[in-house]
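Working notes, beginning with the structure itself.
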2 protein chains.
Amino acid sequence: MPLAKEEYLPNISYDSVIFGFSGEKLKILILEYHNMKTFALPGGFVKIDEPLDTAVKRGLSERTGLDELYLEQFRTFGSMERFSSEVMRKILEEQGHVVEDHWLLGRFITVAYYALINYEIVVPTPDKLSDSIKWYDFDQLPSLMMDHNEIVEKALDHLRMNLDQKLLSFNLLPERFTMKELKQVYDTILGETQNRANFQRKMLGLNILERHEKLFTGGSHKAPFLYSFKKAE
Amino acid sequence: MPLAKEEYLPNISYDSVIFGFSGEKLKILILEYHNMKTFALPGGFVKIDEPLDTAVKRGLSERTGLDELYLEQFRTFGSMERFSSEVMRKILEEQGHVVEDHWLLGRFITVAYYALINYEIVVPTPDKLSDSIKWYDFDQLPSLMMDHNEIVEKALDHLRMNLDQKLLSFNLLPERFTMKELKQVYDTILGETQNRANFQRKMLGLNILERHEKLFTGGSHKAPFLYSFKKAE
DNA sequence: CCAAAAGTGTTCTTATTACACCCATGA
DNA sequence: TCATGGGTGTAATAAGAACACTTTTGG
């Protein structure tokens, strides 16, 4: 029996905003409940004896197949407006659960996390209550259940802050990458085009990059250097 | 019956780091459990139908007598190490509660908030489980229960970030204040002395201050201007 | 007239920005 | 030798830090 009452803490959930990037567009992982036209962020619950962080990692690993994800907690949402038992009731009925007094119908306080990954190396897997999970372009998100649209906005605000220090942790780029690829990550996430020359100088000035051999692509132009993030310090 | 099981969400608590300032030292509000030599941050629990933010405001209002406090949520702590039922058991026994299977002995995920107030206008009131609550100098905190020392450190990190925008919201200074008083707030919270001339220029440059009449203290020196924060925009 | 504290100026240094220039590459 | 993209240079401006100078005040 999945989601048994005895296994989980009641009234506490987590929701995760999983940003995906692969060269050009910023995407977000959204799941859809079976036959419901109801969209939501991938989330889950915390087991009785499980650390919160572990619960989130477990849930994401199940849905993306990735371990070693860099997750950042950014906010906990606990208003009453965010709770709507009607939607949850329909979802449970659709699944054939006994609905009266089901613990999932209660009010939940949710801890929100975000992650950033390369969506090309991920095959999303739906959870027990939903039947589809897909990447959506960030600027074409459907309307999400409860306060999930608000959670996405707040997540992006946090992602944009101090991107420099975070990019090291996200394993978003290949081991070795060009300055152009790195700039493309910034441009997409920040939603604005940086100046090429100044971006290069700023990145090199941060002293977090190591320069390697040049990359010859066959294009009729100067070959760019490859870089990698410096290990440790 | 206080803290009845039916009234509150289980497994969820909040803890608050209440910074106090009044001219020179930064202090923190710490409570001590009866006869226990156990020190803790003031915290509390969320009622079944109560928004999280409201619960925190309620708890703080009970302990400081202040409403309209500006509270900022900064992190949620959910590890297993933070939970130690031994300490809680002793506290409950001391109060004469029936201890076996008490809901407060379970594992708690706690949402942490901080606030900053003028400690001279506050008479702290202990909560139901403790019998004393006092201001402690920030640099002379006792060892706190569970992970509360860690929570204090993290709170200070967040308080120090973007202090400019927050000072408006904290009702810390009197309606009208001198530049010297404002600088003293910064110096104390940031733990380092700012340059007087540059501080003045920076503050005036932020365009959040209104200049009023001069303050004549009787001191044998130039009288400083009084300032207030600009309302709205 | 003096000391103390407040206000303002000056200079030096360090980011940030915008744009120009030269170099390597393959067709 | 040309177009393309990549690397570096330069000048203008803005922001920050350090310190000096002048003004106001009461004794």
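Scope of the values below: all heavy atoms of this structure, side chains included, with no hydrogens, waters or symmetry mates. Per chain, numbering begins at 1; letters A, B, ... match sequence-line order. Just so it is clear, the model here is predicted, and its values are computed rather than measured.
- Where Gly219(A) and Arg201(A) each meet DNA chain C at their nearest nucleotide, the meeting point lying more 5' is that of Arg201(A).
- Remark: P of dA6(C) and NE2 of His212(B) are 18 Å apart, rounded to the nearest angstrom.
- Comparing dA4(C), dG7(D), dA18(D) against the side chain of Asn195(B) picks out dA18(D) as the nearest.
- The residue among Thr217(A) and Leu204(B) whose nearest nucleotide of DNA chain C lies closer to the 5′ end is Leu204(B).
- Regarding Lys214(B), its NZ atom lies at a distance of 13 Å from the P atom of dT23(D), rounded to whole Å.
- In this structure, the NZ atom of Lys202(B) is 18 Å from the P atom of dG7(C), given to the nearest Å.
- When each of dG26(D), dA6(C), dT8(D) is scored by its nearest atom to the side-chain atoms of Gln200(A), the top-ranked nucleotide is dT8(D).
- Tyr186(A) and Asp164(A) form a side-chain donor-acceptor contact under 3.5 Å, judged by distance and modelled atom types alone.
- Atom-to-atom, CG of Asn198(B) to P of dA20(D) comes out at 13 Å; the value is rounded to the nearest Å.
- Ion pairing between a basic and an acidic side chain is recognised when a charged N comes within 4.0 Å of a carboxylate O; Glu213(A) and Arg176(A) show such pairing.
- The residue among Arg196(B) and Ala223(B) whose nearest nucleotide of DNA chain D lies closer to the 5′ end is Arg196(B).
- Aromatic pair Phe229(B)/Phe177(B): centroids less than 6.0 angstrom apart.
- For Lys180(B), taking side-chain heavy atoms from C-beta onward, the closest of the listed nucleotides dA6(C), dG9(D), dG7(D) is dA6(C).
- Ring orientation note: the planes of Phe39(A) and Tyr136(A) are nearly perpendicular, at an angle over 60° on the 30°/60° scale.
- Between the P atom of dC2(C) and the NE2 atom of His221(B) lies a distance of 19 Å, rounded to the nearest Å.
- One can place CD of Gln194(B) at 15 Å from C1' of dA15(D), the figure rounded to the nearest angstrom.
- Listed candidates were dC23(C), dC19(C), dT8(C). Nearest to the side chain of Lys222(A) is dC23(C).
- For the pair Arg211(A) CZ and dT8(D) P, the interatomic distance rounds to 5 Å; values are reported in whole Å.
- Checking dG9(D), dG9(C), dT25(C) against the side-chain heavy atoms of Ala197(B) singles out dG9(C) as nearest.
- Under the 30°/60° scheme for interplanar angles, the aromatic rings of Phe170(B) and Tyr70(B) are found to stand perpendicular.
- In this structure, the CG atom of Asn207(B) is 17 Å from the C1' atom of dA15(D), given to the nearest Å.
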